[in-house]
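First the proteins, then the strands, lettered A, B, ... as listed; each starts at 1. Side chains included, hydrogens not; waters and symmetry mates left out as well; all remaining heavy atoms used.
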Amino acid sequence: MNARILLLLVLLTGNCVGQDLNQTHKLSDEILSIFGSAQIYLFRSQTLINSKAKNKDQLFGKAFIDQLKLIHQQIYHSPFPAADHPIKAYLLNSMIAVMDDNKALILDKEIDFKGFIPAVFAFQLSQRFSNGGYPVSIKFVGLKDRLVNELNVPDQWETSTLTKMQGSHWRTNEGFREVTASKQGKYLRTLQPIYHKQQCLTCHGSIADNPVNKGKAENTWSTENKAGFTMQNFKLNELAGGVSLSVGIDIQPTVSNSN
Amino acid sequence: MAAACFLFLGLCLPAAFSSVQAATANDKTSLTIGVFDYPPLVTITDSGIGGSAIEDLSAILDEAGYVATFRAIPRKRLLQSLIAHNVDLAFPLYDNNAEGITTMLAEPVLFETPGLCFRKENFVQFLSTVKHWRNLTTVYPGGVEPVPILKKYNKQLLPIYGEDVLDRTIKIVISGRADAAYVANIFSVYNLNSQYYRHVACSSFFGYTSPIYIGASKGLANGTLERLRQTKGRINLYSSD
């Protein structure tokens, strides 16, 4: 009983989250940097996550957010965004909730490879965050013809943006942002590219990059990575896909509208 | 009841105060909540309706000044019952956009994450790799609708029926009579407080997470919804086994 974990802090904010374009730009940047910090932190924490260490407190609750603040400072050279907006507060709460949901797995000493990788965190977070009743969604998208998970399929806007990013004239790391319109209203959409770093290639690179093949004769090499997926033959710094964010401009939360 | 008090208010009310509450409960308006069997949050047996969500909902309504009356309704009829205002509230509700209803709280109260539970030595980390589970004998609580990918690829999918169906389903896997158990929400089975934690580990199906709401009828009297929304109540996903 004393270890009961609360799934959801009910945020009865009642706040208006509608905002103008400038505010939406700022909010989008902040959401992406928070999300990016979490991805990097979880990538760096894989050894801890898969270890039998007793103390994994830094992966949960406020300590987790504190770690993200450190990463944010290192990567973005700016202070961590304040939780001064309902959407940012909901994002942070959602992150803590996803880590809590997976606490049993992360602390399970009988399982060596947990499989709690940044992509799994991102997926659970995006589901939770995007279903929170706010006019915002965030997700990973892959290249259409090289998807591991078919649910990461890009939509038309994302496909067209990724195609531009694959072009030789696209500046590395440069995101793309524009206002789009739909039946629900106007959205500021951002796609931030992700490139394969050296450590990504152990699962997404060539068969030769697969650590399970290390020291083995080439004719015995496995095409399957640690996670059970086929190696995808990506090269170092090749475009992997992107983080796709969509934030409503002057759109109220759906639930408040219906109320 | 003490557990529910702890859960919602962060403190346990003394037993004496509980009896005062019971005396004043007669003056409170009753709200009917439609529920279906959704273990371990809602369990419907011959002896009545129970489960941690029942305690939580009772406490939310109590805090708002209402008395909760629960009515078991088949899953497929719950939404219609809410639209027709045969019930005031409904839980669990998957669809928050249907005509004629709203939700009690703005945000989902929990996220249902379906997946498979295995004995720990057989744990499969990523269910996107169909070949790792397509040939496994997989049991699931009858009445739960397995995700489409499981129904499509697993040819040995067996429903389990009867009382305490979730418990029996998991125990079939623990005993080795099946390889895997499909559950509607892995986090209610695989958490640190679960009695199954020592024996099983669960993985989720990517992409099938569903937000779950407490539905509210638009026919509710003026002010009722606002009073409910002002409570600090929470639905706790994890039961203390």
Discussion item. Heavy-atom cut-off 4.5 Å, strictly under: side chain, backbone, both or neither for I117(A) against chain B?
Written reply: side chain
Discussion item. Under 4.5 Å from any heavy atom of chain B, what part of F116(A) do you find: side chain, backbone, both or neither?
Written reply: neither
Worksheet entry | Heavy-atom contact with chain B under 4.5 Å, split by part of K114(A) | backbone
Worksheet item: Which distance, rounded to the nearest 0.5 Å, do you find between the CD of E112(B) and the CD of Q127(A)?
Response: 12.0 Å
Worksheet entry | Min side-chain heavy-atom separation D101(A)-T113(B) under 4.5 Å | no
Worksheet entry | Side chain proximity check, Y197(B) to L107(A), heavy atoms < 4.5 angstrom | yes
Response to the item:
Partner of F123(B) under side chain to side chain contact (heavy atoms under 4.5 Å, CB included), picked from D112(A), L105(A), D108(A), is L105(A)
Discussion item. Can you confirm whether Q156(A) is buried at CD, in the sense that more than 12 heavy atoms of other residues, nucleotides or ligands lie under 6.0 Å from that atom?
Written reply: no
Worksheet entry | Closest contact, heavy atoms only, T129(B) versus A227(A) | CG2-O, 3.9 Å
Response to the item:
So, the part of F123(A) with a heavy atom under 4.5 Å from chain B: the answer is side chain
Item to complete: Give, for atom NE2 of H199(B) and atom CD of E110(A), the distance between the pair rounded to the nearest 0.5 Å.
Response: 9.5 Å
Item to complete: Identify the heavy atoms of H132(B) and G228(A) that sit nearest to each other, and give their distance.
Response: CE1-CA, 3.8 Å
Item to complete: Would you indicate whether K152(B), at its atom NZ, is surrounded by more than 12 heavy atoms from other residues, nucleotides or ligands within a distance under 6.0 Å?
Response: no
Worksheet item: Is there a side chain to side chain contact (heavy atoms under 4.5 Å, CB included) between F187(B) and D100(A) once you walk through the steps?
Response: CA-CA 10 Å; F187(B) 301 125; D100(A) 275 346; over 6 Å; no
Practice prompt. State whether the number of non-hydrogen atoms from other residues, nucleotides or ligands found under 6.0 Å of Y153(B) atom OH is greater than 12.
Written response: no
